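Handing you a structure now.
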Amino acid sequence: MTKPKITLTIAGNDASGGAGIAADLKTFAEYGTFGIAALTVIATMDPNNNWSHGITPINPKVVKDQLVTATAGPGIDAFKTGMLPNVDIITVIANHIKEHQMTNFVADPVMVCKGEDEVLNPENAEALKDVLVPLATVATPNLFEAAQLAGLKTLTSVEDMKEAARIIHDNGAKTVVIKGGKALPGTKAIDLFFDGKEFTLFETDKIDAPSNHGAGCTFAAAITAGLAYGLTPKEAVAKAKEFVTAAIKTGFPFNQFISPVFHSGYRLSHHKAIIE
Ligand code: PXL
């Protein structure tokens with residue numbers, strides 16, 4: 001058997017299974033890559049308190065130890081970051097990436113999870129902006145995160161997204177895809193991709209489905225797997241958009257609070273693998 005592509009996620013556990021490392025590992029498996037997870041935080045949700053989030057960060061030293069373990073093997077073909085609960089953890093990860101000259105990095109700058117302020121405090125957003133996102137091969141902010149990373153006010157149009165993408169690229173990220181998602185006014189779900197030279201719009205009709213929990217993580221993990229196979233960032237984003245659209249369409253209500261995407265949706269509805 002030939003060695004599979006190896007993909008690593010450095011992210012949190014969403015104990016409800018839709019987002020975080022669960023989304024990433026399931027997506028990696030759908031792409032046929034060998035997934036590894038380094039855990040940064042445990043996120044729990046309380047059904048008796050309106051699904052409010054509990055955030056338990058992992059000790060930064062243990063995050064470092066997991067990275068040492070993961071990168072002691074035959075080599076990571078591509079990797080991503082997700083929810084990073086504090087500046088110490090962000091710093092540990094950035095240092096490890098630089099020390100090991102790790103490449104093919106998808107930075108998903110998770111900032112909001114039901115407005116939980118332990119996830120998004122101002123220093124955390126600053127560290128993502130200054131320390132981690134500049135190392136990215138592909139940065140995948142949503143509208144809110146893009147505004148934070150670019151130091152702009154609320155983004156409400158494709159023109160605003162272009163301005164933010166330019167700033168995030170100029171700060172160091174090689175390419176940027178800003179997810180317009182449901183938040184952008186209009187009937188289309190528009191993602192804007194920028195490689196420093198040209199802008200590309202990826203458009204689909206907005207899906208009339210509530211199942212979007214985990215969509216951001218799944219999209220970033222799918223881009224990561226695409227990069228592992230040697231796709232260009234733009235090709236990887238195009239495939240990831242197809243993959244996450246199918247996952248949203250096949251999502252389901254988990255309980256009264258959330259409806260996750262279904263990470264196997266592409267394969268089960270198309271009867272084929274995303275990369276043959
Ligand atoms: O979807 C953002 C997200 C990322 N990572 C973890 C989460 C969430 C939202 O719940 O729990 C671990």
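In each ligand, atom 1 is the first atom listed, and ligand 1 is the first ligand listed. In what follows, every heavy atom counts, from backbone to side chain, and hydrogens, waters and symmetry copies are set aside. This structure is a prediction, so every number in the text was calculated from the model and none was measured.
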- request: Just need the protein heavy atom nearest to atom 4 (C) of ligand 1, so name the residue and atom and give the distance.
  value: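 Going by distance alone, atom 4 (C) of ligand 1 is nearest to Cys217 SG, 3.7 Å.
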query: Where do Thr137 and Pro233 come nearest, in terms of heavy atoms and distance?
result: CG2-CG, 4.3 Å
- prompt: Under 6.0 Å from the six-membered ring centre of Phe199 and within 45° of its axis: does the NZ or CZ of Lys162 meet both?
  reply: yes
field: Shortest protein contact, atom 8 (C) of ligand 1 (heavy atom only)
entry: Cys113 SG, 3.2 Å
message: Using a 4.0 Å cutoff against the non-hydrogen atoms of Ala43, which atoms of ligand 1 qualify?
response: 11 (O)
message: Does either side chain, that of Thr71 or that of His96, offer a donor lying less than 3.5 Å from an acceptor on the other one?
response: yes
message: Under 4.0 Å from a heavy atom of His53: which atoms of ligand 1 are those, numbered in the order shown and with their elements?
response: 10 (O)
message: For atom 7 (C) of ligand 1, what's the nearest protein heavy-atom neighbour? Residue, atom name and distance, please.
response: Met83 CE, 3.5 Å
query: Just which atoms of ligand 1 are under 4.0 Å from any heavy atom in Gly12?
result: 12 (C)
- line: For Phe144 and Met111, the nearest pair of non-hydrogen atoms, with its separation, is CE2-CB, 4.2 Å
message: Over 60° means perpendicular and under 30° means parallel, so tell me whether Phe262 and Phe252 are parallel, tilted or perpendicular.
response: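 Perpendicular: the ring planes of Phe262 and Phe252 meet at over 60°.
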field: Proximity of Val41 to ligand 1 by residue part, where a heavy atom lies under 4.0 Å
entry: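 Under 4.0 Å from ligand 1, Val41 contributes no heavy atoms.
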- prompt: Between Phe243 and Tyr266, what is the ring plane arrangement, given parallel below 30°, perpendicular above 60°, and tilted in between?
  reply: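 Geometry flag for Tyr266 against Phe243: parallel rings.
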query: Hey, does Phe79 have a side-chain heavy atom less than 4.5 Å from the side chain of Ile6?
result: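 Ile6 does not reach Phe79 side chain to side chain.
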field: Met45 neighbourhood, listing ligand 1 atoms whose heavy-atom distance to it stays under 4.0 Å
entry: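 Checking each atom against Met45, I get 10 (O), 11 (O).
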task: Output the list of atoms in ligand 1 that are nearer than 4.0 Å to some heavy atom of Ala19, sorted by atom number.
output: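 Reading through ligand 1 atom by atom, the close ones are 1 (O), 3 (C), 8 (C).
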message: Suppose we measure from atom 2 (C) of ligand 1 to each protein heavy atom; which comes out shortest, and what is that distance?
response: Val110 CG1, 4.0 Å
message: If we count only N and O atoms by modelled type, under 3.5 Å, do the side chains of Thr7 and Thr33 hold a donor and an acceptor together?
response: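 The criterion, which ignores hydrogens and geometry beyond distance, is satisfied for Thr33 and Thr7.
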task: Classify the contact between Ala11 and ligand 1 as side chain, backbone, both or neither, using a heavy-atom distance cut-off of under 4.0 Å.
output: neither
query: Going by the order shown, which atoms of ligand 1 are within less than 4.0 Å of some heavy atom of His213?
result: 9 (C), 10 (O)
